[in-house]
Amino acid sequence: MPSTRAIEVLATAADLFHAAAEEFVRAARTAIGAQGRFTVALSGGSTPKALYSLLATNYAGFAWNRIFLFFGDERHVPPTDPESNYRMVNESLLTKIAIPAENVFRVPAENPDAAAAASEYEAQLRGFFEIKSGEFPRFDLILLGLGPDGHTASLFPDSPALNEESRLVVANWVAKFNAHRITFTFPVLNRAAEVMFLASGADKADMVRQVLEGKNTPPLPSQRVQPSDGKLLWMLDEAAAAKLTR
Ligand code: 6PG
């Protein structure tokens, strides 16, 4: 599949999340039709919460038993912590749909040893995708957000994980948070069949323009997400796209 990049701009945030939910379900139907299952990595932060809530309300009856959910990154906190991406997804989606517990792969971020948590999650990915060392999983869809500094997942500018080429999941020390984050690496992101960035609101407009039109040296982490054999889809609302040259 040749790599493609598409940018979709929706009038409002509500329109954006509806279109993102439809794209999620379209990708799920295609994968389930082709291989009987859909593998997706969810993003954290605040933006996707509305998408997860919409999937729960508008697609509660979907074939969730054929969907396998992973997390592209996680904060180094227990699943009950207000900062936990798992907690956000659990409250906005998982508790409202009939998805088998064994289809949800949570990052074991309660482990005080972040590196051990990352290794354990990597082992879960290798087990699920039945891949050996040196091989990489191919997710059907990876959802990503855009941080104010151009980070995505927990791949922050000037952080050690940016240079990781063989691991699937690492504990990334983020100096500004004085904490580790557990995150997928670029090799995983760039082997996905589809990557969907979701950005909403005027406060994202500068960074959206920088990432999609800017020449940055080094490139911003979000600019390094270039699926080698897949689709890159940026879904934006008008406010987030306001500074793009169109
Ligand atoms: C996280 C995310 C992170 C997020 C961006 C955007 O764990 O925080 O995975 O990469 O997508 O920081 O966050 P907002 O959606 O809250 O702006």
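Start at 1 and go down the list; that is how both ligands and their atoms are numbered.
Under the 4.0 Å criterion applied to side-chain N and carboxylate O atoms, Glu91 and Arg87 are assigned as salt-bridge partners. Between Arg224 and Glu165 there is no salt bridge, since no side-chain nitrogen of the basic residue lies less than 4.0 Å from a carboxylate oxygen of the acidic one.
Distances from atom 6 (C) of ligand 1 to the heavy atoms of Asp73, Leu146, Asp203, Leu155 show the closest one on Leu146. With atom 4 (C) of ligand 1 as the reference point, the heavy atom nearest to it among Gly44, Ser84, Ser43, Gly147 is part of Gly44.
For Arg37 and Phe129, the positive end sits near the middle of the six-membered ring, less than 6.0 Å away and at most 45° from its axis.
At the shortest separation from atom 17 (O) of ligand 1 among protein heavy atoms lies Lys204 NZ, 2.7 Å. In this structure, the protein non-hydrogen atom closest to atom 8 (O) of ligand 1 is Arg75 NH2, 2.7 Å. With respect to atom 11 (O) of ligand 1, the closest heavy atom belonging to the protein is Gly145 CA, 3.4 Å. Of all protein heavy atoms, the one closest to atom 12 (O) of ligand 1 is His151 NE2, 2.7 Å. Among protein heavy atoms, the minimum distance from atom 15 (O) of ligand 1 is reached at Thr47 OG1, 2.6 Å.
Note: an N/O pair closer than 3.5 Å links Ser46 and ligand 1 by distance alone. Ligand 1 has no nitrogen or oxygen under 3.5 angstrom from a nitrogen or oxygen of Thr152. Residue Ser154 has no nitrogen or oxygen atom sitting less than 3.5 Å from a nitrogen or oxygen atom of ligand 1, judged on distance alone.
Contact annotation for Ala153 and ligand 1: only backbone heavy atoms (N, CA, C, O) come within less than 4.0 Å of the ligand. Contacts between Glu74 and ligand 1 below 4.0 angstrom, taking non-hydrogen atoms only, are absent altogether.
The side-chain contact (heavy atoms from CB on, under 4.5 Å) test with Phe197 singles out one residue from Ile7, Val208, Leu212, Leu232, and that residue is Leu232.
If you check the side chains of Asp140 and Gln35, you find a donor sitting under 3.5 Å from an acceptor. At a cut-off of 3.5 Å, with distance as the only test, no side-chain donor of Ser228 or Asn190 sits close to an acceptor on the other residue. When only modelled atom types and interatomic distance are considered, Ser84 and Asp81 share no side-chain donor-acceptor pair under 3.5 Å.
Counting the atoms of ligand 1 from 1 in the order shown, those under 4.0 Å from a heavy atom of Gly45 are 1 (C), 2 (C), 7 (O), 8 (O), 16 (O).
For Arg181, the closest heavy-atom approach to ligand 1 falls below 4.0 Å.
Ring to ring, Tyr59 and Phe24 are not that close: their centroids are 6.0 angstrom or more apart. For Phe128 and Phe70, the ring centers are positioned less than 6.0 Å apart.
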